Asks: 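Sharing a structure below in structure tokens format, with a few things to ask.
The analysis underlying the following values was restricted to heavy atoms, covering all of them including side chains, and did not include hydrogens, waters or symmetry mates. If you're wondering where the values come from, they're calculated on a predicted model, not measured in any experiment. Just so we're on the same page: letters track the sequence lines, and every chain starts at 1.
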Amino acid sequence: MVNETLAQFGDWTYGATVLVYVLAMALALLEQAFSRAETKRVAARKLATVGAPSVNAPSGDEPLEPAIGLRPRDERDKWERYGRMGAALMILGAALHFSSLVLRGLAVGRVPWGNMYEYMSAVCLVAVVTWVVLMRKFPVRRLSVFVMLPIVILMFLGGTLLYSEAAPLQPALRSYWIIIHVAAAIIASGLFLVPGVASILYLIRNRYDQDQAKFVRLGTRLPAADVLDRVAYRTTIIAFPIFTFGVICGGIWAEAAWGRFWGWDPKETVAFIAWVVYAAYLHSRATAGWRGRRAAWINILGFSATVFNLFFVNLVTVGLHSYANG
Amino acid sequence: MTIPGIPFLRNTWRGLTSMRTALILLFLLALAALPGALLPQRTLNANKVADYIAQHGWWGRLLDQLQFFNVYASVWFAAIYMLLMISLVGCLLPRTIEYAKALRAKPVLTPRNLARMPHHAQHTVDVTPDEAVERATKALGGWRKIVREEDDGARTISAERGYLRETGNLVFHFAMLGLIIALAVGKLYGYEGQVIVKADGKQEFCNSGVLGYDSFQPGLTVDGTDLTPFCVKVKSFDVNFLPTGQPDLFRANLAYQSTEDLATGAWQDYGLEVNSPLRTDGDRVYLLGHGYAPVFTVTFPNGEKRTMDTQWRPVNQVTFLSEGATKFDPPGITNTEERRTKQIAVTGLFAPTAQLHGALLNSSFPDLRKPMVAVDVLRGDLGIDNGRGQSIFTVDESMVDSGRLKKVARENLAVGDQITLDDKTVVRFDGVQRWVYLQVSHDPGQIWVLVFAIAIILGIGASLMIKRRRLWVRVVPAADGRTVVEVGGLARTDQAGYGEEFERLSDAVSGGKN
């Protein structure tokens with residue numbers, strides 16, 4: 001029933017993925033820590049924006065090339081080269097990561113997200129891919145270390161404490177809805193990780209902008225606050241409809257499996273809370289006095305609810321979703 | 001003269017319908033929902049609630065008073081979502097009116113100075129102004145646009161796109177309201193009932209009234225008198241476990257009759273599985289669980305036999321070690337006083353796959369490999385005639401405590417084993433019958449919940465993905481017979497993405513960079 005060889009290869013690939021990610025994170029750390037602080041261009045942009053009326057401020061309308069592309073090759077310091085190597089390793093890691101999930105799926109003959117280990121692995125893959133895509137669109141490569149840190153921690157926890165042997169699904173999970181509902185939950189959770197991290201960095205950068213004595217070292221090494229805000233917002237508006245879709249698919253599945261589409265099971269409750277919090281985030285960005293810092297806090301709160309839903313609800317409370325543990 | 005109170009009402013309404021209030025209410029809603037995930041809830045597990053209250057003393061009782069064990073039916077939770085609904089309606093009404101107006105309005109006049117727009121481009125092209133206007137109009141297919149002529153003879157095009165964004169926004173919010181109303185319909189007219197049915201093909205369960213159920217949760221207007229009739233019996237129950245004990249398959253082979261079959265007496269077959277409920281005539285039947293009913297035959301001293309297969313309940317969901325009490329009334333005794341000294345209960349543990357530690361019975365596997373019971377036989381007054389209801393899974397302990405029900409034997413029995421009591425009564429363990437736990441659900445609102453949920457997805461997708469854009473074109477004849485095409489653009493939402501798109505558009509509108 002379970003192809004042990006493939007499962008074994010899947011586990012080895014998983015281990016290799018974690019190693020590559022750690023290496024990528026180390027290289028990203030070097031870039032973050034030692035490459036030149038705030039580039040001239042970003043500093044100039046900041047000056048230009050100060051005092052300009054916000055109504056038609058062309059904030060970020062011109063494409064923001066990564067600062068690195070603007071300087072001749074010899075000026076790039078070696079730390080930036082490390083950063084680029086780190087980014088390349090992330091892509092390699094993502095490819096390994098993907099194959100580990102494919103191998104696990106082939107080994108058990110089902111979707112590779114039937115327990116918490118597999119689920120977390122898939123969430124991390126989505127987060128890594130999201131970040132790789134964002135690095136191409138926004139000048140954020142030197143933030144990779146902050147994104148890789150939670151991913152590496154989650155991968156490590158998944159591979160050790162929460163590891164489960166390859167096994168077939170229990171009857172309750174055998175439905176095509178596991179493909180749709182859980183995939184939507186995975187994609188949304190993986191996407192939500194990025195705005196969560198970006199919002200934390202936004203708060204740090206914002207604090208530094210207000211008082212140059214705070215976060216002196218880190219503040220200068222972060223992109224402008226509005227870049228971080230846009231990274232968070234753009235990712236959240238993609239994740240939120242997917243999350244909504246996932247919750248609704250969960251309802252349809254629950255109707256078929258448990259006799260009701262909504263029953264305030266702990267998982268459902270916390271998903272509801274996270275949904276309401278992210279809805280509040282979207283509204284806050286359209287409300288005077290709530291943009292910026294408060295919106296960032298709300299986004300962090302939303303991601304906390306997502307993490308809480310994964311760990312606390314699966315491991316501590318007893319509910320209908322408890323099979324997800326193991 | 002102003003009417004007193006009107007300003008107050010107006011301010012209250014404005015305050016309630018402001019976005020700030022909506023935000024705070026959203027937070028309150030999230031916060032209020034949280035205790036439901038952290039504290040045990042009556043609707044999910046009443047026993048746990050009782051345990052919690054017992055363990056936490058005054059704190060537990062206080063939480064109970066404040067409805068913390070029934071969060072989603074509590075006054076304060078209802079208050080928050082009612083306020084949120086009012087706030088939503090108050091926000092939606094003016095927006096809908098504005099939206100209707102915007103749909104009929106023409107795109108705004110072209111600004112005098114397009115160079116001041118966030119996006120701006122100017123090209124001089126080798127075509128006549130008429131051709132330039134035509135080309136620009138063609139390039140702006142799918143945009144809402146209007147061509148105007150200005151006083152000095154310049155021609156302008158005002159174009160706008162992305163109206164569906166607000167459509168999506170309104171659809172999403174109205175669908176939220178609709179969904180809540182559909183939920184309420186379900187709570188009013190729906191019901192759920194649970195019943196244990198033996199998988200012997202004989203026991204028939206009919207949805208004819210509340211009494212047929214082991215437990216029943218009616219909606220607020222349901223009194224159980226007009227349930228849709230249908231009947232089910234369980235012909236057999238297929239179950240398969242992996243060697244690890246992990247369940248692999250549950251299937252209850254049902255026969256059911258509903259609608260016209262009830263008159264003709266015909267039965268339909270259905271394989272009821274965990275993810276595929278039986279849907280018939282507006283009702284759904286679910287397979288919630290299963291268990292074992294050990295079959296005992298008691299041969300009374302007068303030679304009469306009674307066989308019972310009362311269901312026992314699993315105490316361990318992994319190994320299916322089960323407990324229960326099978327109760328017998330002695331036949332042929334008319335004197336109630338005497339009868340109450342001769343009633344018999346067989347109570348204890350049942351293991352589908354027995355594992356003995358000395359005399360202690362445990363179960364090592366959930367399937368029937370080596371069934372065994374470890375039972376006490378009690379004789380005396382079971383208390384089943386005193387009018388008080390009692391659990392079918394236990395004996396009335398007060399009868400044991402008062403000495404009216406006495407333990408007369410304790411034994412481990414494999415299938416076929418028997419105990420002979422001091423009065424020559426024989427208790428025999430005949431075998432095992434499976435039972436399934438079914439739930440019947442009825443919710444006339446749920447199809448509408450689904451419809452509104454789909455509308456929510458579509459609305460949310462449109463309102464977040466579609467971008468509102470404005471574009472203006474001014475076509476002015478140049479002195480040398482050529483034509484100057486000036487393009488200005490303004491992004492009304494999500495400015496960041498408009499840069500490249502604008503360049504592409506302005507090239508298309510003016511016919512490329514010349």
Side-chain angles (χ1 to χ4, degrees), chain A residues 1 56-63 167-168 170-175 177 230 233-234 237-238 240-241 244-245 248 251-253 255-267 269-270 272-274 276-277 279-280 282-284 286-290 298 301 305 308 312-313 317-319, chain B residues 18-20 22-23 26-27 29-31 33-34 36-38 41 43-45 48 71-72 116-119 183 192 242 244 246-251 273-277 284-286 288 439-441 443 446 449-450 453-454 456-457 460-461 464-465 490-491 494-500 502:
Chain A
M1 212 158 181
N56 278 337
S59 53
D61 275 340
E62 69 272 35
Q170 43 178 302
L173 293 181
R174 277 183 221 154
S175 161
W177 284 110
R230 266 189 298 135
Y233 178 69
R234 296 280 286 276
I237 61 168
I238 296 170
F240 186 68
T244 312
F245 175 75
I248 288 171
I252 298 173
W253 189 7
E255 193 272 342
W258 300 328
R260 82 290 181 291
F261 57 85
W262 194 267
W264 297 108
D265 178 65
K267 195 84 168 183
T269 303
V270 182
F272 171 78
I273 292 170
V276 169
V277 171
L282 295 177
H283 284 95
S284 75
T287 308
W290 285 74
I298 299 170
L301 196 65
F308 180 82
F312 186 83
V313 173
T317 65
V318 177
Chain B
S18 75
M19 188 72 107
R20 197 174 305 260
L23 263 176
L26 276 175
F27 279 118
L29 187 68
L31 192 66
L34 194 57
L38 302 177
Q41 295 294 299
T43 48
L44 298 177
N45 195 333
K48 263 195 177 171
V71 167
Y72 309 107
R116 292 188 61 179
M117 286 294 115
H119 302 274
L183 270 173
E192 267 178 14
L242 299 179
T244 55
Q246 188 188 332
D248 182 47
L249 168 86
F250 298 126
R251 185 192 296 121
E273 290 186 51
V274 177
N275 274 309
S276 61
R284 291 118 55 201
V285 182
Y286 294 89
L288 288 193
Q439 171 168 304
V440 176
S441 303
D443 182 351
Q446 80 167 20
V449 172
L450 180 63
I454 292 169
I456 281 177
I457 294 275
I460 222 171
L464 290 178
M465 296 305 161
L490 175 70
D494 203 14
Q495 284 86 352
Y498 199 26
E500 284 172 36
F502 177 80

Asks: Is it the backbone or the side chain of A/A274 that comes under 4.5 Å from a heavy atom of chain B, or both, or neither?
Replies: neither
Asks: Check the angle between the aromatic planes of A/W264 and A/W262 and answer parallel, tilted or perpendicular using the 30° and 60° thresholds.
Replies: perpendicular
Asks: Using side-chain contact (heavy atoms from CB on, under 4.5 Å), reason through A/Y233 and A/L282 one step at a time and then give a plain yes or no.
Replies: CA-CA 8 Å; A/Y233 178 69; A/L282 295 177; 4.0 Å; yes
Asks: Measure across B/V285 and B/V440 and return the closest heavy-atom pair with its distance rounded to 0.1 Å.
Replies: CG2-CG2, 4.3 Å
Asks: Tell me, for B/V71 versus chain A, whether the close heavy atoms (under 4.5 Å) come from the side chain, the backbone, both or neither.
Replies: neither
Asks: Find out whether B/I457 and A/P241 are in side-chain contact, i.e. whether some heavy atom of one side chain is under 4.5 Å from a heavy atom of the other.
Replies: no
Asks: Looking at A/S284, A/A279, A/S175, A/G259, which has the largest count of heavy-atom pairs under 4.5 Å with chain B?
Replies: A/G259
Asks: Does the B/Y72 side chain pair with the main chain of B/A33, one donor and one acceptor, at a distance under 3.5 Å?
Replies: yes
Asks: Is B/L34 close to chain A through its backbone or its side chain, or both, or neither, when contacts mean heavy atoms under 4.5 Å?
Replies: both
Asks: At a 4.5 Å cut-off on heavy atoms, which part of B/R284 comes close to chain A: side chain, backbone, both, or neither?
Replies: side chain
Asks: Say you draw a straight line from CD1 of A/I273 to CZ of B/F27; how long is it, rounded to the nearest 0.5 Å?
Replies: 12.5 Å
Asks: Checking the side chain of B/E192 only, and the main-chain atoms of B/Q439 only, is there a donor and an acceptor separated by less than 3.5 Å?
Replies: no
Asks: Give, as side chain, backbone, both or neither, the part of B/L450 having an atom under 4.5 angstrom from any heavy atom of chain A.
Replies: side chain
Asks: Tell me, out of B/L38, B/L44, B/D443, B/D248, who's got the most heavy-atom pairs with chain A below 4.5 Å.
Replies: B/D248
Asks: Who among B/S441, B/P247, B/S276, B/G36 has the most heavy-atom pairs with chain A under 4.5 Å?
Replies: B/P247
Asks: Please flag which part of A/F272 lies under 4.5 Å from any non-hydrogen atom of chain B: side chain, backbone, both or neither.
Replies: side chain
Asks: In terms of heavy-atom pairs under 4.5 Å with chain B, which of A/R174, A/H283, A/R260, A/E255 leads?
Replies: A/E255
Asks: Counting only heavy atoms closer than 4.5 Å, note whether B/Q246 contacts chain A via side chain, backbone, both or neither.
Replies: side chain
Asks: Looking at A/F240, I want to see if its CZ is surrounded by more than 12 non-hydrogen atoms of other residues, nucleotides or ligands under 6.0 Å.
Replies: yes
